[in-house]
Number of protein chains: 4
Amino acid sequence: MASSTTLKLKQQRSRERREQILAAATKLFGEKGIDRTSLTDIAATAKVPLSSIYDYFADKRALVLEVPEENFAALYQRTEPLLSKGSDPVEQLKITFLTNFEYISENPSWGRVFFLEIWPSVIAAEPQIKKAVDKYAMRYVQLIKQAIRAGSYRKNLDPYTAMSLMMGGMCHVTAVWLLYGRRYDLVKKGKAVFTTLDSGFSNN
Amino acid sequence: MASSTTLKLKQQRSRERREQILAAATKLFGEKGIDRTSLTDIAATAKVPLSSIYDYFADKRALVLEVPEENFAALYQRTEPLLSKGSDPVEQLKITFLTNFEYISENPSWGRVFFLEIWPSVIAAEPQIKKAVDKYAMRYVQLIKQAIRAGSYRKNLDPYTAMSLMMGGMCHVTAVWLLYGRRYDLVKKGKAVFTTLDSGFSNN
Amino acid sequence: MASSTTLKLKQQRSRERREQILAAATKLFGEKGIDRTSLTDIAATAKVPLSSIYDYFADKRALVLEVPEENFAALYQRTEPLLSKGSDPVEQLKITFLTNFEYISENPSWGRVFFLEIWPSVIAAEPQIKKAVDKYAMRYVQLIKQAIRAGSYRKNLDPYTAMSLMMGGMCHVTAVWLLYGRRYDLVKKGKAVFTTLDSGFSNN
Amino acid sequence: MASSTTLKLKQQRSRERREQILAAATKLFGEKGIDRTSLTDIAATAKVPLSSIYDYFADKRALVLEVPEENFAALYQRTEPLLSKGSDPVEQLKITFLTNFEYISENPSWGRVFFLEIWPSVIAAEPQIKKAVDKYAMRYVQLIKQAIRAGSYRKNLDPYTAMSLMMGGMCHVTAVWLLYGRRYDLVKKGKAVFTTLDSGFSNN
DNA sequence: TATGAATGAGAATTCATTCAT
DNA sequence: CATGAATGAATTCTCATTCAT
């Protein structure tokens with residue numbers, strides 16, 4: 001009993017430290033860029049001794065790669081329940097798209113890291129990152145294909161081009177939002193982007 | 001007379017060296033990322049002594065910032081003559097958009113640097129970069145506004161959102177093209193992007 | 001009674017662990033060198049928690065110094081019974097010398113540690129090591145002196161020089177054997193070394 | 001003229017620095033062992049900034065490997081002229097053997113590095129080191145073979161075993177000399193070793 | 001007694017920048 | 001003007017050792 005409690009406490013502390021490090025990394029990567037952020041910086045921000053970082057991550061590269069991992073998981077967890085009911089592919093596409101805007105809106109650090117540092121960038125070529133991004137992109141491609149089959153979207157719409165427009169639009173709008181000091185409502189902007197694209201994709 | 005000739009020769013040599021350095025920087029930044037590229041690498045690639053870089057650029061930062069400068073100039077020089085005749089704003093928009101795809105297609109190093117390293121990224125916040133990018137984006141905004149006024153595009157189209165879709169689409173499509181080994185015709189893909197967006201922007 | 005049994009079991013376990021650690025250290029020191037072997041490596045190889053090493057050895061230095069200790073003890077234990085009978089000093093010298101070759105042949109890890117890492121090396125200056133090595137060398141010196149007195153070896157033979165040749169020969173032959181992948185019978189080689197030396201030492 | 005002088009001065013300074021570093025490395029490697037010697041130590045001893053070491057050696061490994069290189073060259077340079085005249089293989093063997101003792105006697109730091117750290121040790125497996133050592137050992141093997149052919153040494157002498165005894169004897173005697181504070185004349189000891197071996201090798 | 005977790009003190013290496021010539 | 005050489009300041013990573021439980 002006691003030992004089980006202790007273990008849990010320890011594990012709890014460990015998990016917290018890990019998260020502190022990831023949070024610090026996310027914040028600093030977004031602010032200064034991944035390469036300009038030293039582990040010393042991260043340790044200081046996370047209030048953890050530098051060498052302790054190595055208790056949780058094999059090396060800097062591993063830490064960098066876990067930042068998206070963590071956030072994609074959170075994003076999926078948030079999107080899933082909203083989708084379960086709606087069966088209309090266009091509706092599902094909209095929910096998926098806007099939930100991402102919401103997530104970024106609430107986690108701008110993550111937005112910074114992802115859209116200013118990870119995608120698109122040379123590290124997006126890292127298999128671990130590429131796989132995660134591809135998986136996310138494929139959701140869009142699938143939904144767009146369904147929408148075409150359902151007759152909502154034009155038969156001659158290339159689903160990959162359409163996905164590129166959705167991802168690229170999100171990227172640009174988010175980057176501008178971040179670089180200009182987040183002076184407007186990102187989700188509202190996301191809705192405008194969706195509406196414009198949707199009308200271009202539709203069988204008018 | 002003789003000295004004037006000498007001077008010219010020197011200036012000539014200087015200009016060449018400067019360009020060699022910028023070309024080497026563009027190439028290497030795109031391949032390895034800005035922070036992972038050392039001035040020693042650049043000097044070696046440009047076949048110029050390391051310390052000579054400091055005769056042309058104040059420091060690494062200055063060199064980094066001049067890389068987009070140089071390339072935007074080249075892009076403008078290429079776009080301008082094509083625009084002079086056409087007066088239809090949609091046509092001008094299309095030319096401007098596709099010329100950029102052509103430029104990237106022919107200078108993939110520059111594509112890499114710009115879309116994987118500079119925009120969007122934390123260094124895009126640098127005033128010098130931001131100004132150059134904004135200037136380019138505003139061309140799109142102006143043309144889109146003209147197209148709306150001319151009745152080609154919908155009255156309720158937000159020109160900024162539309163511009164974001166064009167820039168973001170270009171960014172995404174280019175990044176994927178680069179990250180997946182340039183396996184298809186980028187300009188063709190650019191045309192598909194334009195067509196899709198154009199139909200969404202239009203008064204159908 | 002029960003507690004005594006428990007105690008014995010514990011002591012048993014303790015002794016086993018100690019030996020596991022020493023065996024792992026011997027193996028790894030020989031493979032990678034003493035300084036390149038971390039206590040973490042040793043713990044992992046010995047399947048013992050890292051911090052448990054400190055229950056058996058004061059620090060890394062102490063562990064390093066006990067590795068020869070342990071092995072000299074084993075070597076003596078093996079040599080003693082063979083000597084008891086033979087009274088001819090030259091015969092005893094031969095047995096002592098060849099038994100060492102046999103021991104190395106059967107424990108090449110130990111051979112590696114001793115001849116590639118400990119002797120000769122700066123750590124051979126450590127009193128604990130020096131004492132053990134000196135003790136072993138003195139056995140040779142004594143037997144050589146006896147052989148001189150018995151008339152088997154030349155009167156003008158310097159017993160220390162002779163011992164150096166035996167030890168040095170063993171060292172060189174073993175090192176070559178190890179560095180070239182143990183491609184021949186070390187004991188046979190040892191016999192050749194002994195024969196050659198013996199004939200140089202003898203009153204021909 | 002001036003620039004040529006300047007160049008020479010620079011090269012001169014460079015060569016000196018390089019040698020300072022190698023000398024410091026040799027000294028410290030012999031005193032503390034290669035792995036226990038940090039580049040910081042070497043830089044301090046050589047009175048050179050740490051990072052300047054990298055102007056002369058690619059990394060620590062390269063520096064370690066150049067220490068024997070340098071000294072073998074010096075040893076050969078010293079041995080060669082003495083050999084030119086003598087044609088008797090045994091005489092040549094003696095000169096080669098004793099010149100090495102002389103060299104160590106005058107460069108005990110090198111003796112320490114070579115016999116306490118490099119040979120025999122795990123780094124002796126490094127191709128660059130192995131090659132150099134093998135080359136030196138083969139000289140002995142050749143001369144011994146010649147001596148056998150000339151009838152000076154026994155027909156049934158294995159030249160490799162004989163070489164091992166010469167090298168091993170030198171190693172042991174030198175190591176003891178170093179570890180016991182160089183309290184006697186190493187060259188004299190070398191002569192005793194040679195005499196003893198020679199009588200064992202000979203057709204008495 | 002046993003041990004998982006933590007950490008301080010280095011270690012090697014890199015690189016932008018300076019400067020003497 | 002040009003440049004080879006030099007270097008200080010970081011940076012990532014390792015590891016022996018300690019300690020709370």
Side-chain angles (χ1 to χ4, degrees), chain A residues 2-3 5-7 9-11 13-14 17-18 35-43 48-63, chain B residues 6-7 10-11 13-14 17 35-43 48-64, chain C residues 6-7 10-11 13-14 17 35-43 48-64, chain D residues 2-3 5-7 9-11 13-14 17-18 35-43 48-63:
Chain A
S3 82
T5 308
T6 307
L7 186 61
L9 278 174
K10 271 190 182 170
Q11 289 179 339
R13 188 155 112 87
S14 271
R17 282 198 139 200
R18 217 190 115 87
D35 283 307
R36 286 179 158 85
T37 301
S38 71
L39 293 183
T40 309
D41 291 339
I42 295 173
V48 150
L50 168 59
S51 55
S52 291
I53 292 179
Y54 288 88
D55 293 338
Y56 299 93
F57 305 94
D59 52 20
K60 189 181 178 181
R61 192 170 163 275
L63 169 54
Chain B
T6 309
L7 186 63
K10 273 191 179 169
Q11 288 178 340
R13 191 158 97 94
S14 270
R17 282 199 148 191
D35 286 296
R36 288 180 155 86
T37 301
S38 70
L39 293 184
T40 307
D41 289 341
I42 295 174
V48 151
L50 167 59
S51 42
S52 292
I53 293 179
Y54 286 87
D55 295 335
Y56 301 94
F57 305 94
D59 53 20
K60 190 182 178 182
R61 193 169 163 275
L63 169 56
V64 167
Chain C
T6 309
L7 186 61
K10 272 191 179 168
Q11 288 178 338
R13 190 157 97 93
S14 270
R17 281 201 149 191
D35 286 296
R36 288 179 155 86
T37 300
S38 70
L39 292 184
T40 308
D41 289 341
I42 295 174
V48 150
L50 168 59
S51 42
S52 292
I53 293 180
Y54 286 87
D55 295 335
Y56 301 94
F57 305 94
D59 52 19
K60 190 184 178 181
R61 193 169 161 275
L63 169 55
V64 168
Chain D
S3 81
T5 308
T6 308
L7 186 60
L9 279 173
K10 272 190 182 170
Q11 287 179 340
R13 189 154 113 85
S14 271
R17 281 197 141 199
R18 216 189 115 88
D35 283 307
R36 287 180 159 86
T37 300
S38 71
L39 293 183
T40 308
D41 291 339
I42 295 173
V48 150
L50 169 57
S51 55
S52 292
I53 292 179
Y54 287 88
D55 292 338
Y56 299 93
F57 304 94
D59 52 20
K60 189 182 178 180
R61 194 171 162 274
L63 170 55

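In what follows, chains are A, B, ... by sequence order, proteins preceding strands, each numbered from 1. Just the heavy atoms: all of them, side chains too, but no hydrogens, waters or symmetry mates, feed the values below.
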Can you name the closest pair of heavy atoms from Leu39(A) and Leu63(A) and give their distance? CD2-CD2, 4.1 Å

Taking OP1 and OP2 of dA2(E), is either one under 4.0 Å from a side-chain nitrogen or oxygen of Ser52(C)? no

Nucleotide by nucleotide, nucleotides 12-19 of chain F touches protein heavy atoms under 4.0 Å in the pattern (B base, S sugar-phosphate only, - none) BBBBSBBB

Between Pro49(A) and Pro49(C), who's closer to the 5' end of DNA chain E by nearest nucleotide? Pro49(C)

Partner set under side-chain hydrogen bond (donor to acceptor under 3.5 Å, both in side chains) for Asp59(A), not counting sequence neighbours: none

dG4(F) phosphate, OP1 or OP2: any side-chain N/O from Arg17(D) under 4.0 angstrom? no

What are the two closest non-hydrogen atoms of Ala58(B) and Ala62(B), and how far apart are they? N-CB, 4.0 Å

In whole Å, what is the span from the CD1 atom of Ile53(C) to the C1' atom of dT1(E)? 16 Å

Could you tell me which non-hydrogen atom of Ala43(B) sits nearest to which non-hydrogen atom of Pro49(B), and how far apart they are? CB-C, 4.2 Å

Partners meeting side-chain hydrogen bond (donor to acceptor under 3.5 Å, both in side chains) with Ser38(A) (sequence neighbours left out): Asp41(A)

For DNA chain E, the dot-bracket notation using Watson-Crick and G-U wobble pairs below 3.5 Å, [ ] for pseudoknot-type crossings and | for other-strand pairs, is .||||||||||||||||||||

Taking only residues two or more places apart in sequence, or in another chain, which ones meet Arg17(D) in a salt bridge (Lys or Arg N to Asp or Glu O under 4.0 Å)? none

In this structure, how many angstroms lie between the P atom of dT3(F) and the CG atom of Asp55(D), rounded? 19 Å

Value in whole Å for how far the C1' atom of dA12(E) lies from CZ of Phe57(D): 16 Å

Whether over 12 other heavy atoms sit under 6.0 Å from Arg36(D) CZ: no

Tell me every residue that passes side-chain contact (heavy atoms from CB on, under 4.5 Å) with Asp55(D), counting only those two or more places apart in sequence or in another chain. Ser52(D)

